[in-house]
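Data first, discussion second: the structure below is written as structure tokens.
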Amino acid sequence: MKAQPAAHALLRIYFNEDDHANKRGPPLAEVLLEHLQNAGIPGATIYRGVMGYGSHHQVHATSLLRLTEHLPLMLEAVHEELPLRHLVEELHPLLQECLVLIQPVEILHQPHGEDKVQ
């Protein structure tokens with residue numbers, strides 16, 4: 001008999017390189033990562049996009065001539081779904097300009113842990 005997959009989820013948050021927690025605050029990327037770490041999420045990664053656009057339909061792309069890129073960023077974290085949902089509720093004021101997704105996932109293997117496949 002195959003074991004039931006655990007209720008894990010993938011949290012994905014899309015935002016921009018130049019987004020900040022508030023007008024004079026630290027970059028949103030740093031704030032989000034710190035919140036996830038303090039909440040006990042075992043790991044998270046922020047990816048920088050090479051090119052993209054969002055709800056405003058303005059394309060952002062890398063350029064050797066510009067000092068600031070305003071590139072798209074994506075944060076990913078995998079954990080149990082309920083704590084991720086609670087975290088998103090807590091972070092809601094910071095996520096007003098972000099696209100936030102939670103998708104169910106099945107963990108087949110994880111480093112330094114038990115494999116989920118039986």
Side-chain angles (χ1 to χ4, degrees):
M1 182 174 182
K2 187 176 179 181
Q4 289 291 91
H8 285 85
L10 168 67
L11 170 65
R12 207 177 261 162
I13 303 174
Y14 295 91
F15 55 106
N16 288 319
E17 204 173 37
D18 57 339
D19 288 342
H20 292 267
N22 57 50
K23 288 185 181 185
R24 296 190 178 163
L28 184 59
E30 290 178 20
V31 173
L32 291 176
L33 210 58
E34 184 178 331
H35 273 281
L36 269 70
Q37 191 173 30
N38 290 340
I41 305 302
T45 302
I46 296 178
Y47 300 95
R48 176 186 280 161
V50 181
M51 184 180 285
Y53 71 92
S55 60
H56 300 293
H57 297 282
Q58 181 178 2
V59 174
H60 302 282
T62 58
S63 168
L64 297 175
L65 302 176
R66 286 190 271 171
L67 294 176
T68 58
E69 301 293 350
H70 310 290
L71 292 174
L73 299 177
M74 179 182 66
L75 179 146
E76 282 191 347
V78 175
H79 192 53
E80 295 171 0
E81 185 174 352
L82 229 47
L84 288 177
R85 288 188 179 278
H86 291 302
L87 184 61
V88 168
E89 288 175 21
E90 180 184 316
L91 294 172
H92 188 263
L94 299 174
L95 303 175
Q96 297 302 307
E97 297 295 319
C98 303
L99 174 62
V100 180
L101 307 174
I102 292 184
Q103 300 172 291
V105 296
E106 180 181 354
I107 297 173
L108 300 179
H109 173 78
Q110 59 187 10
H112 310 294
E114 294 181 19
D115 286 349
K116 300 296 179 182
V117 178
Q118 295 190 14

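Throughout, residue positions are numbered sequentially from 1 according to the sequence presented.
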>> A quick test of your reading: do over 12 heavy atoms of other residues, nucleotides or ligands sit less than 6.0 Å from CD of Q37?
In response: no
> H92: what forms a side chain to side chain donor-acceptor pair (under 3.5 Å) with it, not counting sequence neighbours?
Replying inline: Q96
What closest approach, in Å, do [X] and [Y] show between heavy atoms, and which atom pair accounts for it?
{"X": "P26", "Y": "V31", "answer": "CG-CG2, 3.5 Å"}
{"X": "L33", "Y": "A44", "answer": "CD1-CB, 3.7 Å"}
{"X": "C98", "Y": "F15", "answer": "SG-CB, 3.7 Å"}

Which pairs would a plain distance check flag for residues 80-90, meaning a side-chain donor or acceptor within less than 3.5 Å of a matching protein atom at least two apart in sequence or in another chain?
unit_1: E81; atom_1: OE2; unit_2: R85; atom_2: NE; d: 2.9
unit_1: E81; atom_1: OE2; unit_2: R85; atom_2: NH2; d: 2.9

Report the distance from atom [atom1] of [X] to atom [atom2] of [Y], rounding to the nearest 0.5 Å.
{"X": "I46", "Y": "M74", "atom1": "CD1", "atom2": "CE", "result": "10.5 Å"}
{"X": "H35", "Y": "I41", "atom1": "NE2", "atom2": "CD1", "result": "12.5 Å"}
{"X": "I102", "Y": "L10", "atom1": "CD1", "atom2": "CG", "result": "9.0 Å"}
{"X": "Q103", "Y": "R12", "atom1": "CD", "atom2": "CZ", "result": "5.0 Å"}

>> Any side-chain to backbone donor/acceptor pair from N22 onto G25? Under 3.5 Å, distance only.
In response: yes
> Side chains of H20 and L28: closer than 4.5 Å at any heavy-atom pair?
Replying inline: no
> Under the side chain to side chain contact (heavy atoms under 4.5 Å, CB included) criterion, do L73 and I13 qualify, and how do the steps go?
Replying inline: CA-CA 8 Å; L73 299 177; I13 303 174; over 6 Å; no
> Hey, quick one: are V100 and L75 part of the same hydrophobic cluster, counting side-chain heavy atoms closer than 4.5 Å, chains of contacts allowed?
Replying inline: yes
